[in-house]
Structure formats: structure tokens, C-alpha cells
Amino acid sequence: MASEKPVEVVTCTAPVNIAVIKYWGKRDEELILPINSSLSVTLHQDQLKTTTTAAISRDFTEDRIWLNGREEDVGQPRLQACLREIRRLARKQRSDSHEDPLPLSLSYKVHVASVNNFPTAAGLASSAAGYACLAYALARVYGVESDLSEVARRGSGSACRSLYGGFVEWQMGQRADGKDSIARQVAPEAHWPELRVLILVVSAERKPTGSTAGMQTSVETSALLRFRAEALVPARMAEMTRCVRERDFQAFGQLTMKDSNQFHATCLDTFPPISYLSDTSRRVIRLVHCFNAHHGRTKAGGIHV
Ligand code: ADP
């Protein structure tokens, strides 16, 4: 039993996911509930991944976390929310199975070390892979077996999509407590083997505006964002799901590009405006359109986060 060992250690890896219908904006900052549903493609872990080791021990006197070799403040609200949620689930699982409601291991502190093998906070979804991996590692080390959407989501919204491979939707849900705001697989990774994702790193610098702050300003100031979330995304989610199920690359590629453009348009509509595209990324977009025009059909679709 876990509680009898002096130290329990697990190591997990998690993939990055790239949204093709974008998530931008929360309706609840605390619970991390989105203003619209989103859909993403989970990438293979051969190239980009997060590796997280979690250890619990009765000898640890406090929770601690290291990210890419540097110790971080474990008091960050999102980390705390993940830790609280996993311990709540562990407690619930115990009481549901009528076991001792507080086994020793549950009171143990945890040490976490996480490494991304790609640039952190640069727009490559490190927060998604990072918090999915954290949720999974914590669940394993504390013996939690339930759905981890909520734990991952409390770290970073898009992290719930990295819990699954293939094509994944994050249903926005309607409930105020967020219990129906969960990730679900639309199609498994083997569904569309011809699909290739190219990642072009145009800059490995930190993004000029972090996602959390950026979204907040957009929700407060962009009427276009509200219109998109309410009037456009529901139909786009349905159409994107169809494209994936039928492997319709023409429509998939075009909708991916249009949704990405619309996301950047809402950034420009934000006040003060936010800008994530650089001259290099604009040149890449032009190249994709020249390439498709040359072939007379959509062979490539640019996704810009
Ligand atoms: P990105 O586009 O890379 O997701 P964000 O600014 O949205 O950029 O998120 C970056 C933040 O996510 C980091 O500052 C850190 O707080 C968190 N993060 C990144 N990687 C990890 C990880 N492996 N484990 C835990 N948290 C992580």
C-alpha cells in the first residue's frame, strides 16, 4: 500500500496540443471555465513533451516544485488549485469506497520536478502539456482514478485537452460549478495517419503578453470576441468535428486558418491591442497561401498560436 512506503515516486510524460478551434477567454477566472468550446490536435510526444516526476514522502515538510531545473513558488494559485483538487478527489475516492477517509499518504507533502523539452511560455502550449502532466503525475502518486479534466483545467484551461491523444474537444459546459466543462476525445490518434503537423519556431522568447492577462483584457474589451464565442464558434465546432470524422482536409485546413485569423483579429480588437504575429509569422502565412495556390487546393493549413 502506498502509505506504507517511505517514498512514492512516479514519472509521467504529456503531449502538447494545438487548437484548431481556439480557446480565448474565460467566463469564470477561478474555476477556469471558457466562454466557448474548443478543439485541438494532440501532437506526438517524439518531438515535444513535458516530463514530470512527483514524489510523496512522510519526510517532506512542504510541497515544492521545480520547473526546468529552477524552483518555482509553490504558492501560485493555479498550482495550489491543482493540489487541492487532487487531494479532494483522493479523499472522495477513499470515502466512496468506505476506506479510511485519510490514509497517511494523503497527508504527505509532494515534491514535483517538471521539464519541457521545448521553449516554455513561447506560444507552444507548455502550460497545456505541463499541467496535464502535473495532474496525471499527482493522480498516480496519490492513487486517484477519476476523470482529470478538472484538475488539469484548474492549472491551465487547454491542459484538459492534453489528457487525450488524437483530436480532442473541450466542451465549455453550462454549469456554474464547471462539472460539465470537460475534455473528450473526438477521434483517436490513429484516425488520420496522413495528417502531419509542422512546428516552425519563429521565436523562442516569452510571449509579449501572457495568455491569462491577454484573455482577461480581451473578454473585458473586445465585442468581436463575445460575438465570435456566442454566434460563430458553436457552428465551427460542429463543422470541425465533421472535418475530422470525414478526414476532409480541404475544409479542415481552411477552417483552421480562418479560426486562427479570427483569434488574431480578436487580439487586435482588444484594447489596448495584443499582437502575437511577427513579420516572420506573416511571411509564413503568405508562403502557405502561395503553396496552396500553386497546387490549386489546400494542401497546407497554417496554425498560429
Ligand atoms: P505557453 O504558450 O507555453 O503555454 P503560457 O504563458 O500560456 O505559455 O504558459 C506558460 C506557463 O505555464 C509557465 O510560466 C508556467 O507557469 C506554466 N508551465 C509551463 N510548463 C510547465 C510545466 N512543465 N509544469 C508546470 N507548469 C508549467
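Numbers here simply count residues along the sequence, with the first being 1. Order of listing sets the numbers, starting from 1, for every ligand and every atom in it.
- When the heavy-atom distances from atom 26 (N) of ligand 1 to Y131, W66, Y276, F118 are ranked, the shortest goes to Y131.
- Atoms of ligand 1 found under 4.0 Å from any heavy atom of S114 (numbered from 1 in listed order, with element): 22 (C), 23 (N), 24 (N).
- Considering R161, E169, K22 as possible partners of S38, the one that fulfils the side-chain hydrogen bond (donor to acceptor under 3.5 Å, both in side chains) test is R161.
- The protein heavy atom nearest to atom 3 (O) of ligand 1 is S126 OG, 2.7 Å.
- In this comparison of L67, V16, L134, the heavy atom closest to atom 18 (N) of ligand 1 sits on L67.
- Remark: ligand 1 atoms within the under-4.0 Å shell around heavy atoms of T50 are 23 (N).
- Nearest protein heavy-atom neighbour of atom 8 (O) of ligand 1: A121 CA, 3.2 Å.
- Protein heavy atom closest to atom 20 (N) of ligand 1, with residue, atom name and distance, is N116 ND2, 3.0 Å.
- Note that CG of L138 and CG of L79 are 9.0 Å apart. Values are rounded to the nearest 0.5 Å.
- A salt bridge does not link R236 to E239: none of the charged nitrogens lies less than 4.0 Å from a carboxylate oxygen.
- The salt bridge (Lys or Arg N to Asp or Glu O under 4.0 Å) check on K92 picks up D96, with sequence neighbours excluded.
- Closest to atom 6 (O) of ligand 1 by heavy atom, among R206, K207, Q76, K49, is K207.
- The 12-atom threshold is not exceeded at OH of Y136, counting heavy atoms of other residues, nucleotides or ligands nearer than 6.0 Å.
- Scanning all protein heavy atoms for the shortest distance to atom 11 (C) of ligand 1 gives S127 CB, 4.2 Å.
- When only modelled atom types and interatomic distance are considered, T50 and N116 share a side-chain donor-acceptor pair under 3.5 Å.
- Atoms of ligand 1 found under 4.0 Å from any heavy atom of S211, numbered from 1 in the order shown, are 7 (O).
- R184 and D147 are joined by a salt bridge, as a carboxylate oxygen and a charged side-chain nitrogen come within less than 4.0 angstrom of each other.
- H294 pairs by the side-chain contact (heavy atoms from CB on, under 4.5 Å) definition with nothing, not counting sequence neighbours.
- Heavy-atom proximity to A122, at under 4.0 Å, picks out these atoms of ligand 1: 3 (O).
- When only non-hydrogen protein atoms are considered, atom 13 (C) of ligand 1 lies nearest to T120 CG2, 4.2 Å.
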